[in-house]
Structure formats: structure tokens, C-alpha cells
Amino acid sequence: MTKIYPSFASANAASAAAEKLKSSGGSELGDSAVVLTVWTKSLLFNCNGFTVYDGKGNLVFRVDNYLAGNKGEIVLMDASGKPLLTIRRKRLSLGDNWLVFDGETASNPRFSVRKHVNLLNARCLAHVSSGGGSGSGGSLRSSKNSSVLYEIEGSYSQRSCAVYDQKRRRVVEIRRKEAAVCGVALGGDVFRLLVEPQFDTAVAMALVIILDQMFGSSSRR
């Protein structure tokens, strides 16, 4: 297999990198988008999950789901294992609907993501909703009145999709990653996640995790 990155950063250094991304609103490149490499593998044996690196090869995010664990709950962690967001499938709801909470809390969801089922707009994959607020900066805080803040369009199975805000500005994008030699595209288990400035990179990664739950085994989308 093509080597994704030459080395791993220590847990402390990687955790600091994650905090830097979060505190800067998701941008370590000034006016440029943050480019992360996502590997759909866990670093732990006998686990499913994700491993995410920044542009310098530092470990930034990780997901380690034990195969016999609760498949309706997924925890996004920083490199040192600190829980950042917990993703839970919404029970007793029509359609595929997921709730995202801060840390490991189980109340007051930060935002929700619902799978799109309207065949008239086949490119739309899902809607991201929150209560009342504008969702500026990817904060997506909830209040009483829920509204669609973001739409996800494209094809996750082809690793070619994007998140658009209410003004149709692209804030997050998933692209296939090419190897450094000869520009050969890697398989679907390794791809790039591009996050625009002022959008929380942890939120962007949570959306990737939910898309994988919705469309990871789909041959069409």
C-alpha cells in the first residue's frame, strides 16, 4: 500500500495541532483552506474507524470503534484520545437521521444531519440542521427553531462531494487524494478533506463520519 505519511507526531504534539485548528476557526493556512488527509482505518487492532492527518503528517483526529461496540454511537477524538464530538443515530425517527453532541454528552445536540430522500434532487445527499442560528463559523449551536443550515451534495462513494452554506458557498469539500509519484489516485479509503477558513474542522470531520454511515456501502452515491 502507498504510504500515506512518513511519520506520526507524538500524541501531545498532535493534540496541540488539533487545538490550533479549532481555535483558529479551522484554518492554519491564513486565507487558504485547511487540507486534511483522511484514512478510513483505525490505528487500533480489531477496530473500525478513521485516522486523520494535517498537511505536515501530524495526527489530528481519530475514531476507534470496537467491532462489537455500539454501532449507533461514534466518538470523534483528538490525537491523544480526548472526545471532541459524539455522533448518535436518532432513534424512532423517519429516515436516516444523526445527532452530534459536544464531548460525550447526551443532551442538547449541537446539530443534526438527515439523509436526503427526494429523487427530484439526486445530487443532494443530506441536510445539516440546527436551531434558529446562522451557523456562522461552523459552530452550529442549537436553539428552539430548527432550520437547514448546510446542504451536502455530490457522491460520497466517489469521494467527490461538498458542503454548501445557505448562500451556496462551498465550506467543506471531499476529494480523492493522489499519490505524490505520477499523480496516481489512491483508493477510496484515503481521501482529502478541504475545510474553508472559519469552519470548524471537527464539525467537518463529523460530517464525513455521518456520510460514511449513510453511504459507505452505497454503489450509487
Side-chain angles (χ1 to χ4, degrees), residues 1-24 26-29 33-89 98 100-105 110 113 138 156-157 159 161 172-181 184-195 199-217:
M1 177 178 175
T2 303
K3 200 168 187 180
I4 300 173
Y5 274 111
S7 63
F8 295 96
S10 67
N12 289 337
S15 179
E19 288 298 321
K20 179 181 178 182
L21 287 171
K22 185 174 181 180
S23 63
S24 64
S27 176
E28 63 173 1
L29 301 175
V34 178
V35 181
L36 303 177
T37 294
V38 180
W39 187 27
T40 58
K41 300 289 184 182
S42 169
L43 292 176
L44 300 182
F45 178 73
N46 201 31
C47 282
N48 291 324
F50 292 85
T51 307
V52 185
Y53 304 91
D54 66 14
K56 297 180 180 179
N58 297 325
L59 180 62
V60 178
F61 302 122
R62 57 188 291 180
V63 175
D64 303 311
N65 293 321
Y66 289 96
L67 299 181
N70 182 3
K71 296 183 179 180
E73 179 175 300
I74 304 168
V75 179
L76 174 66
M77 301 177 290
D78 66 12
S80 64
K82 176 185 175 182
L84 300 176
L85 298 170
T86 297
I87 303 163
R88 297 184 176 94
R89 185 187 294 273
W98 293 78
V100 181
F101 301 81
D102 282 318
E104 294 182 287
T105 60
R110 188 170 176 180
V113 183
Y156 178 75
S157 65
R159 303 300 187 259
C161 53
V172 178
E173 186 175 5
I174 294 172
R175 295 182 187 173
R176 285 188 174 273
K177 184 176 177 66
E178 295 182 348
V181 180
V184 177
L186 300 174
D189 60 340
V190 180
F191 55 91
R192 291 192 297 170
L193 177 63
L194 289 76
V195 185
F199 196 93
D200 190 337
T201 52
V203 169
M205 188 58 212
L207 297 180
V208 170
I209 295 168
I210 294 172
L211 287 174
D212 195 74
Q213 293 295 309
M214 292 179 173
F215 303 104
S217 60

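The figures here come from the full heavy-atom set of this structure, side chains too, leaving out hydrogens, waters and symmetry mates.
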What residues form a side chain to side chain donor-acceptor pair (under 3.5 Å) with Arg192, not counting sequence neighbours? none
Show the numbers, then the answer: is there a side chain to side chain contact (heavy atoms under 4.5 Å, CB included) between Val195 and Met205? CA-CA 9 Å; Val195 185; Met205 188 58 212; over 6 Å; no
Counting only N and O atoms by type, is there a donor-acceptor contact under 3.5 Å from the side chain of Thr51 to the main-chain atoms of Trp39? no
Using a 4.5 Å cut-off on heavy atoms from C-beta on, say whether the side chain of Arg176 contacts that of Phe191. no
Okay, side chain of Asp212, backbone of Gly216: is any donor-acceptor separation there less than 3.5 Å? no
So do the side chains of Leu193 and Val52 get within less than 4.5 Å of each other, counting heavy atoms only? no
May I have the step-by-step check of side chain to side chain contact (heavy atoms under 4.5 Å, CB included) for Ile210 and Val100, ending in yes or no? CA-CA 10 Å; Ile210 294 172; Val100 181; 3.8 Å; yes
Apply side chain to side chain contact (heavy atoms under 4.5 Å, CB included) to the pair Ile74 and Gln213, showing each step before the final yes or no. CA-CA 10 Å; Ile74 304 168; Gln213 293 295 309; 3.4 Å; yes
Within-4.5 Å side-chain heavy-atom neighbours: Val34 and Phe199: no
Any donor and acceptor pair, going by atom type alone, linking the side chain of Arg110 with main-chain N or O of Asp102 inside 3.5 Å? no
For residues Met214 and Tyr156, determine if any side-chain heavy atom of one lies less than 4.5 Å from a side-chain heavy atom of the other. no
Identify the two heavy atoms, one from Val63 and one from Asn65, that lie closest to each other, and give their separation to 0.1 Å. CG1-ND2, 3.5 Å
Have Ser42 and Asp64 got a donor and an acceptor in their side chains that come within less than 3.5 Å? yes
Can you sort out the partners of Thr86 under side chain to side chain contact (heavy atoms under 4.5 Å, CB included), two or more places apart, ordered by chain and number? Glu73, Val75, Arg88, Glu104
Working note: Thr201 + Val60, criterion side chain to side chain contact (heavy atoms under 4.5 Å, CB included); need CA distance, chi angles, decisive distance, verdict. CA-CA 10 Å; Thr201 52; Val60 178; 5.7 Å; no
